[in-house]
Number of protein chains: 2
Amino acid sequence: MATPRFDIIGQALSDASRTRMLCELMEGRSFTNKELAGAAGITAQTATAHLRLLQDAGLVVAEKRGRCVFHRLAGPEVAQVLEQLAGIAPTDSLYRAQRHKAKDLAQVRSCYDHLAGPLAVAMTEALLARGHLRQDNGGFVAVAGPVWARLGVALPTATSRKPFVRPCLDWTERRLHLAGPLGTQILTQALAADWLRRPSRGRGLVVTQPGLRAFHDILGLGARLERINVTPPREDA
Amino acid sequence: MATPRFDIIGQALSDASRTRMLCELMEGRSFTNKELAGAAGITAQTATAHLRLLQDAGLVVAEKRGRCVFHRLAGPEVAQVLEQLAGIAPTDSLYRAQRHKAKDLAQVRSCYDHLAGPLAVAMTEALLARGHLRQDNGGFVAVAGPVWARLGVALPTATSRKPFVRPCLDWTERRLHLAGPLGTQILTQALAADWLRRPSRGRGLVVTQPGLRAFHDILGLGARLERINVTPPREDA
DNA sequence: GCAACACTGCGGTGCGGAGCGAAGTGTTGA
DNA sequence: TCAACACTTCGCTCCGCACCGCAGTGTTGC
């Protein structure tokens, strides 16, 4: 029989402690055993067992540095499947209430290594509308132009084999946004330029005043950003 | 915390008997309790418990007719997520061997309610190349023309809210193909016109001689179909 | 060398659930 | 009415595994 081994992945996802750790890792950063144990509310030795299971299932990879072990998602495709799964997760009333409560937080967030949520969708659609991005066989292709330099992105000179831009389906918006190396560059640059800031915990991001200006000047996102109801930027730390 | 409840879905997918039943249901048809029990190699009373769990997770719906209970996947989005999951399932050597062995069978197959596999990808790309299909914001839009009538498909007169054509990612090909109501119509028509036949078991389909002719005449798929290495059609039953 | 620290291994407990046999319910057809 | 049938419910056994306490290994910093 050629039945795909869903069960190996399913087994890995079947425990609430493991899914809490995975949600933590969805942010895209690496975390130590202890941090993940704390996030899941379990002891370190239990977390060790869970993480080995996730590793065996191919969802997570580990990297030893000194006396610490850093864990991260095995790749963007894992994050994408988890986002898809979140889309069909049962919507019991409690979960629905929680999702509503967390609405503001989810407005701007990172999905593994790129931006997600309404801001990402708005940016993608602005890039398409202004002709900086073109659709090609279900994927996106970047059109050379000065806008990319203003976003802090370097387009590859030669067209490489691997897709430079990959569409990723957003589970709250159910619309496409930018992933792939280009999406990664945009997020990295936005953090480096202090357009976005990552709070100490969680996947949520906050937009700063310079960020608001930049997104308005470069992409004309003024009106869309107001609807997004961003968390107000904090005072200088 | 607003952590999505992966674990409910994961729990449902974490057992090999349940995933065997789900693979059976991926074909898109309804099956009785007894049939699914047989496919999974378990007794009826055990299958009852499994199917209730799948129902609670929202993956499967049941319909009682007389003394029989028919089970089917809860919707196309469930089938799509399962296809995605199959794409990141661990590729141990045994599974790889099985997949290779089942290569011919997977050439033409149904994915819930539409065609999948290389034939579906080839059809989609032919429709795009000939301008019968257009890409729009990550989705497909059908362009009116005589080709649809030849395929036995009726396009909706008014543009409805729900997407008439939905792209679906193929896990063996990793390329987009047609899903949504249009994909369903194409599969239904191909079966009705005896272009494709469904064998007694499994998701695989066979292409008949009239089917080969039709796909060549309507879409110019002659060369692509040869590469697809279809199972030769059987003699009249 | 020694203490502090991060992580892993081992043994034990307790719970959930996969499986089946036996019995019960509801439907179909003779 | 009765037998055959599809499915469900109940009770039971057995196995896997989530969890922790405790002990051990390897690393860091004094």
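Chain naming here is simple, since letters A, B, ... match the order of the sequence lines and numbering starts at 1 in each.
Looking only at side-chain heavy atoms (C-beta outward), A/L59 and A/I9 come within less than 4.5 Å of each other.
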Quick one: which protein N/O atoms are closer than 3.5 Å to N/O atoms of nucleotides 17-22 of chain C? Pair and distance per line, please.
residue, atom, partner, partner atom, Å
C/dA18, OP1, B/R18, NH2, 3.3
C/dA18, OP2, B/R18, NH1, 3.1
C/dG19, OP1, B/S17, OG, 3.1
C/dG19, OP2, B/H50, NE2, 2.5
C/dC20, OP2, B/T43, N, 3.1
C/dC20, OP2, B/T43, OG1, 3.0
C/dC20, OP2, B/T46, OG1, 3.3
C/dG21, N7, B/Q45, NE2, 2.6

For nucleotides 26-30 of chain C, which of its nitrogen or oxygen atoms have a protein nitrogen or oxygen under 3.5 Å away, and what is each distance?
residue, atom, partner, partner atom, Å
C/dT27, O2, B/R67, NH1, 3.4

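Between the A/Q185 side chain and the A/A154 main chain, a donor and an acceptor come within less than 3.5 Å of each other.
The distance between atom NZ of A/K34 and atom P of C/dT8, rounded to the nearest whole Å, is 14 Å. Atom CG of B/N33 is separated from atom P of D/dC7 by 5 Å (rounded to the nearest Å). Residue A/E35 contributes atom CD, which lies 16 Å from atom P of C/dC5 at whole-angstrom precision. Distance CG (A/D56) to C1' (D/dG16): 16 Å, rounded to an integer number of Å. The nearest whole Å value for the distance from the CG atom in A/L51 to the P atom in C/dA6 is 16 Å.
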Which donor-acceptor pairs under 3.5 Å do the side chains of residues 32-42 of chain A make with protein atoms, sequence neighbours left out?
residue, atom, partner, partner atom, Å
A/T32, OG1, A/E35, N, 3.2
A/T32, OG1, A/E35, OE1, 3.3
A/N33, ND2, A/T48, OG1, 2.9
A/E35, OE1, A/T32, N, 2.8

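Direction change of the helix axis from one end of the helix from C/dG1-D/dC30 to C/dA30-D/dT1 to the other is 30°, with five pairs defining each end axis (rounded to 10°).
A salt bridge links B/E63 with B/R72: the closest approach of a Lys/Arg side-chain nitrogen to an acidic carboxylate oxygen falls below 4.0 angstrom.
Residues that satisfy the side chain to side chain contact (heavy atoms under 4.5 Å, CB included) test with B/T188, not counting sequence neighbours, are B/T184. Evaluation of the side chain to side chain contact (heavy atoms under 4.5 Å, CB included) rule for A/A49 yields no partner, not counting sequence neighbours. The side chain to side chain contact (heavy atoms under 4.5 Å, CB included) check on B/Q11 picks up A/S14, B/S14, B/R18, B/L53, with sequence neighbours excluded.
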